[in-house]
Structures are given as C-alpha cells and as structure tokens.
Engineer: 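Can you keep this structure in mind? I'll have questions shortly.
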Amino acid sequence: MNSISPLRLVIAILLIVAGAVLATQISALLLKVVIVTAFSVLALVIIALSDREPQPPDLSVIERERQKIFDHGKAEAYQQIIDPISDPILIIRNAKVATANPAAKNFLGNHIIGEDVRIAIRHPAAADRLANPNAKHTGKPILLVGVGSPGQRWELRIHTLTDGLKLVQLSDQSSHYAAERMRTDFVANASHELRTPLAAVKGFIETLENPEAGKDDETRARFLKIMYQEADRMQRLVEDLMSLSRIEAEKHQLPSEPVNIANLIADVKDVFLSGRNKEEGDFIISAPKGLPVIQGDYAQLSQLLHNLVTNAFKYGRPGTPVTIAVEPNRDDSMLRLSVSDKGEGIATEHLHRLTERFYRVDKGRSKSIGGTGLGLAIVKHITERHGGRMEITSKKGVGTTVSIFLPVIK
Ligand code: ADP
C-alpha cells in the first residue's frame, strides 16, 4: 500500500467535520444520515485516490530494458556486415545467440536465435570455449568433426568484440581435408604399387642366388625375364609419377606454343608404327585440312594422345582399328580431339572415377597388360593445364571414345 499525502488527509478530515456540522443544522433524520454518509464517502474517495498517485519509476527496470534495446541494436548492427558472408557466422552474448547470418541459419536451423550457443552448436570442444565467459579468444581455429553431414570438417573461430559480444565463425574445411586425404592416399597407393614388383624382383634374386636354381639355364632365363618385366613396370610407374608431378607443378602456367594437331597425330602414329608393332591398318585417322592452330605444350599433348591411343589398343578388341579424329566445334573456338576403340566398353558407374589416380575397372587385367593406373589421370591434368575439357563416353560391348576439347588461338 502506498502512503497517503498529508494534504489529502486534512481535506478528508475537514469534509467529515463539515458533513457533521451540516447535519447538526438539519432537523430531518434521514437527510442528516444522507449528508453524513455523502461527506464520509467523499472523504474516503479522496483518501483512496492517494493510492493511485503515480509512483516514481523503478530505474533499475528501465535501465535493464534500455540496455536490452541498446544491446539488441549492437548485435543488429553487425547483421548488415555478416549477412552477405557465405561462412556461417553467429553473434553471441552471454552464451546465447544474439543474431546470425543466413548461412548460419541454413546450416544450424532458424531456431538458433536466442538459443544457448552450446545447443546451437552441439560440439563439446566448442561448447567448452563458448560457455566460458572468461575465456580469452585469439581466433585460433577449433576443429569440429561430426558437425553437419558425416565426413564434413569445420573450423570454428571465436573473436571477442566490444560490449560483451563474441563473433563465432564456422568455415567448411572439408575440401581442404579431402585434398589432404587424397595426397596421403596417393603416397600410400604409389608405395604399394612399387612394393609389389620390387618384392618380386628381390624374391627372384634370392632364388637365383641359390646355386641349385641358378644352374638350370631355362629357369634362369625365365626368372630373368620376369625380373626384367617387373623392373620395366617399376620404371613405367616412376616415369608416370614424375610426369604427373611435373604437370601439376606447371598447372598454373598456360602453355604458349602454337600446335598443329594434325602434325601431332602423325607423330604419335609414327611412334606406334616404328616401336609398338602397329601397322597403318591399325589406325583410322580423320583430320580435315586447314584446322585452326591451338596453343599448347607439344610434348605434353603428345603424351596425352599417346596415353589415349595406348588405352584404345590395350582395351580394344584385338585386331580392331583405333580411330583418331579431330574436328572444330560449331563456332571454331575449340578443337575436339577424340580417340575411339571397338572394345568391351566401360560400365557407366565407373566413368566418373576413371581419371582418379590408380583407379582401374579391372585391376588384374590392367596390371597384366602393363597399366600403371595413371594414364587417364595424366590426360586429365594435361587437359586442365591447356584450359580444356575431357569427356568419356562408352557403351558396353561396343567401345569407348575419349574426347579432349582444346581452345583454339584467336
Ligand atoms: P591403366 O594404366 O590401368 O590403363 P588408365 O588411367 O589409363 O590406367 O585407365 C584407368 C582405367 O580405365 C583402366 O584400368 C581401365 O579399366 C579403364 N579404361 C581406360 N581406357 C579404357 C578404354 N579405352 N576401354 C576400356 N576401359 C578403359
């Protein structure tokens, strides 16, 4: 109950006294009662009004509300900055999400605004840092595994802003880790590919060291032949590995030599005729005269064509010819160089993986015919270095065509 002001109390008492004095002047009893009652009620009303007198405002409540609006304004002020950023970003106050950009709402859900940040980002390592009000944040990344879809890797960085706000930034590192994984897988695969022939060569050397086994000329010759083949396999693998790393090292330098593709086809065909037991009839060449010149690296482009023709002979049906064709596209901006075979073809589910290093549809078959598993990876890298595009089409039981689109010099 609020206090009664003294002035109102005096007025109320005076009213009651006035009512009583007036009543004494009147003879009619009923009127006396009415007058006393009316004056008393009036006095009570005046006293009661004291209760409704406006109270001085509670400053702490106002201050809290003002701070809330002010703080909200502060978090909102970051909104315009964080909205266009593609990484998920949250602004945190007292371990609660004050605001977030659309990328964060997309990733963590629209409900995160106002939510405890430990619930919004369910990750123990992050929760520990985010919930600690005294934690010093240097912006050093915390790796989050298990947030988002399986296999995704996120890095979380916390930055301390002014006015008790924290900025939490998530960045998707999945592709970086995938590249890292590919590198380590590549080293493991390459070591494995080299270890197998090396072990075979060592095994045969040990056998031949045995005076009994080494005595028999036929066995000796057979073992030496296998050793030679295995050494050859290792050499091809090492050469392909070196090619790959050279092409990768140069991948940002656009090649600048003018290259005549018809000459290139003729040169590669000659290599097969002179050193690979192939004959004129093994080739069908389609290269119209007056083709535009392309900008390229002659040595790399002949390696590309050599790898494609080798595959076409390896996987084509024995005795069937290989077609090498070149034609400009509709607006003469690109040349399409294609190599086709009449072979068993490749099932569709393998097509998108063929340019991965060491990916083979039939591992045993590839190895038995001297494949390194790197031929198409090399083709892909050379194509990319030339600013071109690669396309593989294949039909089971019919054959395969690999096409390379290379930009023409304007
Ligand atoms: P490899 O040394 O094993 O031939 P590549 O990288 O050249 O390696 O090719 C990868 C795989 O793609 C091969 O192992 C083979 O399974 C498949 N392949 C490539 N070219 C052809 C083709 N012309 N016809 C059928 N399969 C092919």
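In each ligand, atom 1 is the first atom listed, and ligand 1 is the first ligand listed. Positions are given from 1 along the sequence.
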Engineer: Could you list the atoms of ligand 1 found under 4.0 angstrom from a heavy atom of L374?
Structural biologist: 6 (O), 8 (O)
Engineer: Considering only protein heavy atoms, which is closest to atom 12 (O) of ligand 1, and at what distance to one decimal place?
Structural biologist: L354 CD2, 3.4 Å
Engineer: Below a 4.0 angstrom heavy-atom separation, can you tell me which part of K314, side chain or backbone, both or neither, approaches ligand 1?
Structural biologist: side chain
Engineer: Give the residue, atom name and distance (to 0.1 Å) of the protein heavy atom nearest atom 3 (O) of ligand 1.
Structural biologist: S366 OG, 2.6 Å
Engineer: Would you confirm whether N101, through its side chain, and I85, through its main-chain N or O, come within 3.5 Å as a donor-acceptor pair?
Structural biologist: yes
Engineer: Tell me the nearest of F313, Y315, Y359 to atom 21 (C) of ligand 1, using heavy-atom distances.
Structural biologist: Y315
Engineer: Among all the protein's non-hydrogen atoms, which is closest to atom 8 (O) of ligand 1, and how far away is it?
Structural biologist: G373 CA, 3.3 Å
Engineer: Answer with side chain, backbone, both or neither: which part of L376 has a heavy atom less than 4.0 angstrom from an atom of ligand 1?
Structural biologist: both
Engineer: I'd like to check which ligand 1 atoms, numbered from 1 as shown, lie under 4.0 Å from a non-hydrogen atom of G375.
Structural biologist: 5 (P), 6 (O), 7 (O)
Engineer: For T372, take its heavy atoms, then give the atoms of ligand 1 lying under 4.0 Å from any of them.
Structural biologist: 2 (O)
Engineer: Going by heavy atoms, is G343 under 4.0 Å from ligand 1?
Structural biologist: no
Engineer: I'd like to know whether D172 forms a side chain to side chain contact (heavy atoms under 4.5 Å, CB included) with F107, so could you lay out the CA-CA distance, the side-chain angles of the two residues, the decisive distance to 0.1 Å, and finally the verdict.
Structural biologist: CA-CA 11 Å; D172 188 355; F107 178 48; over 6 Å; no
Engineer: Checking R336 against S403: is there a side-chain donor and acceptor pair closer than 3.5 Å?
Structural biologist: yes
Engineer: Among V322, N311, D341, whose heavy atom sits nearest atom 19 (C) of ligand 1?
Structural biologist: N311
Engineer: Under the ring-ring contact (aromatic ring centres under 6.0 Å, His included) test, which residues partner H123, sequence neighbours left out?
Structural biologist: none
Engineer: Using the six-membered ring of F313, assess whether NZ or CZ of K278 lies under 6.0 Å from its centre and within 45 degrees of the ring axis.
Structural biologist: yes
Engineer: Tell me whether R276 forms a cation-pi arrangement with F272, defined as NZ or CZ under 6.0 Å from the six-membered ring centre and within 45 degrees of its axis.
Structural biologist: yes
Engineer: For atom 16 (O) of ligand 1, which protein heavy atom lies nearest, and how many Å away is it?
Structural biologist: V361 N, 3.1 Å
Engineer: Is the distance between the ring centroids of F358 and H192 less than 6.0 Å?
Structural biologist: no
Engineer: Are the side chains of H111 and E115 in contact, using a 4.5 Å heavy-atom criterion?
Structural biologist: yes
